[in-house]
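Scroll down for the structure; my scribbles are underneath it.
Letters A, B, ... are given to chains in the order of the sequence lines, protein chains preceding strands, and every chain is numbered from 1.
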2 protein chains.
Amino acid sequence: MKSGESGTDAPEPPAKRRRDAGATREAILRSAVAAFTRHGYDGVGVREIARDAGVTAMLINRYFGSKEQLFAEAVDTAFAPRTVVSGEAGTLGRDTALTLVARTASGADRLDPFLLMLRSAGSPRAAEIVRTGVERHVGRDLAARLPGPGADERAELLLSVLAGVWLMRKVLGTQALAGADPAELAGRIEALFEPLVSPPEAASTQD
Amino acid sequence: MKSGESGTDAPEPPAKRRRDAGATREAILRSAVAAFTRHGYDGVGVREIARDAGVTAMLINRYFGSKEQLFAEAVDTAFAPRTVVSGEAGTLGRDTALTLVARTASGADRLDPFLLMLRSAGSPRAAEIVRTGVERHVGRDLAARLPGPGADERAELLLSVLAGVWLMRKVLGTQALAGADPAELAGRIEALFEPLVSPPEAASTQD
DNA sequence: ACGCTATGTCTACGACTGTATACATGCCCC
DNA sequence: GGGGCATGTATACAGTCGTAGACATAGCGT
């Protein structure tokens with residue numbers, strides 16, 4: 001009955017791991033990150049995650065306690081090592097815009113934490129977990145890079161723009177944004193970032 | 001057995017409607033809009049929608065065919081009459097920013113279509129339905145109000161910012177944005193809208 | 001007033017969910 | 001090389017899901 005290894009999503013053959021708790025845990029975690037990113041917290045079951053990891057569903061509960069705790073670790077894994085914004089303070093706006101446009105390009109189907117966030121935001125528990133993950137990992141070090149007062153608020157506004165573009169381009173796939181010219185779109189988004197990355201010296205609501 | 005009318009969410013007592021297909025359909029639709037907005041497409045079952053409408057679940061299938069088609073009508077209902085951006089061309093940025101901050105304020109729990117969109121974006125079918133709804137209803141007439149070239153792209157970017165702020169403030173509830181000073185936040189968001197609502201005369205990627 | 005049809009309900013089904021309990025087996029250590 | 005424990009599997013359970021089919025009743029037309 002184990003002839004079902006021709007899964008549509010699993011890239012690797014079963015490969016009969018040696019009994020190794022650490023490696024198995026890690027395999028489950030990687031499978032969970034991929035599955036939650038592609039289908040969201042509610043859209044994937046523990047059996048599917050386990051199958052792609054080459055184990056049975058019960059090992060998830062043994063190693064992580066529950067689906068919810070697995071999700072929490074998956075969120076940490078997905079957000080922790082990523083540098084959501086690249087570049088120094090001076091070129092931060094442009095670099096972030098270029099990276100965003102490249103990662104949300106039509107062909108790319110990168111497993112980005114923003115996808116995990118957006119596709120899991122519907123479930124209240126998942127949203128709470130994602131919120132803490134975003135605040136601890138991304139928001140904090142992003143705010144540290146922004147000079148001037150109100151850095152926390154501006155950092156989260158920048159994340160809002162990033163999330164919004166991810167939503168429209170990749171999750172929903174609206175026409176104008178999904179099919180936009182990359183260079184032009186990057187320019188527009190860079191202009192959006194401008195008032196966020198530059199310190200708000202005297203630039204308030206003047207018109 | 002019909003003594004269960006003390007529902008936690010249903011604001012109205014059962015009120016024994018007269019047999020009226022139109023009124024019942026509308027009651028189901030209103031209940032669906034509220035439920036989908038609060039819990040997202042995957043987060044609510046047809047029985048819950050039906051209960052809040054005062055009917056049984058099967059009437060949903062009789063009147064709408066399926067949960068998915070009910071969702072499609074709910075999306076239309078939620079997006080169609082709303083004016084997502086208010087104000088004339090000159091004050092559009094400021095008005096939209098003020099409206100956004102007010103609607104995403106801490107106390108307000110308005111049934112906004114942006115919540116429906118964000119909380120349902122996880123399901124692929126729901127995302128597709130939402131995409132068409134956003135494009136047909138909101139994106140089109142918003143683009144018509146923006147002067148200058150690339151109006152479609154700028155309109156969807158504006159929607160991206162709106163969605164992002166909704167996400168962070170209300171769906172996730174991140175601290176810096178959820179607890180921000182309204183006037184200050186409105187000012188920052190208005191500055192974000194500036195390059196989108198004003199025509200991009202010669203402002204391209206120059207540095 | 002009566003019957004027919006629109007309107008609404010009841011029951012049930014198969015599939016899927018997360019997880020608890022019981023069982024099997026590979027591997028390390030003595 | 002064999003006991004013992006860590007590692008992994010199999011089965012089952014209670015619940016929910018969307019929806020199909022049979023049944024009940026209210027109300028209008030004649």
OP1 or OP2 of dC10(C) versus the side-chain N and O atoms of T56(B): is any pair under 4.0 Å?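 No, no such contact exists.
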Can you name the ring pair (Phe, Tyr, Trp, His ring centres under 6.0 Å) partners of F193(A), sequence neighbours left out?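 None.
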R25(B) with E73(B): basic N within carboxylate O range, under 4.0 Å: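 Salt bridge flag = yes for E73(B) with R25(B).
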According to side chain to side chain donor-acceptor pair (under 3.5 Å), who are the partners of R136(B), at least two apart in sequence or on a separate chain? D76(B)
Which parts of residues 119-131 of chain B get close to DNA chain D, meaning a heavy atom less than 4.0 angstrom away? none
Scan residues 57-73 of chain A against DNA chain D and write down, sorted by residue number, each residue with any heavy atom closer than 4.0 Å; if none is found, say none.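 Heavy-atom contacts with DNA chain D come from M58(A), L59(A), R62(A), Y63(A).
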Roughly how far, to the nearest 0.5 Å, is [atom2] of [Y] from [atom1] of [X]?
{"X": "L158(B)", "Y": "L142(B)", "atom1": "CG", "atom2": "CG", "result": "5.5 Å"}
{"X": "S31(B)", "Y": "E48(B)", "atom1": "OG", "atom2": "CD", "result": "8.0 Å"}
{"X": "I28(B)", "Y": "I60(B)", "atom1": "CD1", "atom2": "CD1", "result": "5.5 Å"}
{"X": "Y41(A)", "Y": "L70(A)", "atom1": "OH", "atom2": "CG", "result": "8.5 Å"}
{"X": "I189(B)", "Y": "T99(B)", "atom1": "CD1", "atom2": "OG1", "result": "11.0 Å"}
{"X": "L192(B)", "Y": "L157(A)", "atom1": "CG", "atom2": "CG", "result": "6.0 Å"}

The complete set of salt bridge (charged side-chain N to carboxylate O under 4.0 Å, His left out) pairs with one or both residues in residues 158-185 of chain B, sequence neighbours excluded, reads E184(B)-R188(B)
Where at least one partner belongs to residues 61-70 of chain A, residue pairs that pass salt bridge (charged side-chain N to carboxylate O under 4.0 Å, His left out), sequence neighbours excluded: E68(A)-R125(A)
Every protein N/O lying under 3.5 Å from an N/O of nucleotides 28-30 of chain C:
unit_1: dC28(C); atom_1: OP1; unit_2: R18(A); atom_2: NH2; d: 2.8

Would a 4.5 Å heavy-atom cut-off, applied to side chains only, mark L111(B) and R38(B) as touching? yes
Beyond-backbone contact of L29(B) with F64(B), side-chain heavy atoms, under 4.5 angstrom: yes
Please report, rounded to the nearest Å, how far the [atom2] atom of [N] is from the [atom1] atom of [X].
{"X": "H39(A)", "N": "dT17(C)", "atom1": "NE2", "atom2": "P", "value": "12 Å"}
{"X": "D42(A)", "N": "dT16(D)", "atom1": "CG", "atom2": "P", "value": "15 Å"}
{"X": "I28(A)", "N": "dT19(C)", "atom1": "CD1", "atom2": "P", "value": "13 Å"}
{"X": "E26(B)", "N": "dG8(C)", "atom1": "CD", "atom2": "C1'", "value": "18 Å"}
{"X": "D20(A)", "N": "dG8(D)", "atom1": "CG", "atom2": "C1'", "value": "13 Å"}

Mind checking side-chain contact (heavy atoms from CB on, under 4.5 Å) for A72(A) and listing every partner two or more places apart, or none if nothing turns up? I129(A)
Find the bend of the helix from dA1(C)-dT30(D) to dC30(C)-dG1(D) as the angle between its two terminal axes (five pairs each), to the nearest 10°. 0°
Residue list, salt bridge (charged side-chain N to carboxylate O under 4.0 Å, His left out) with R131(A), at least two apart or on another chain: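 Testing R131(A) for salt bridge (charged side-chain N to carboxylate O under 4.0 Å, His left out), a comparison that skips the adjacent residues, returns E128(A), E135(A).
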Would you say the side chain of R47(B) and the base of dT19(D) hold a donor-acceptor pair, judged only by whether the two atoms sit under 3.5 Å apart?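 Yes, a donor-acceptor pair under 3.5 Å.
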Does anything in residues 155-168 of chain B form a side-chain hydrogen bond (donor to acceptor under 3.5 Å, both in side chains)? List the pairs, not counting sequence neighbours. T174(A)-E156(B)
Got a list of protein N/O to nucleotides 3-6 of chain D N/O distances below 3.5 Å?
none

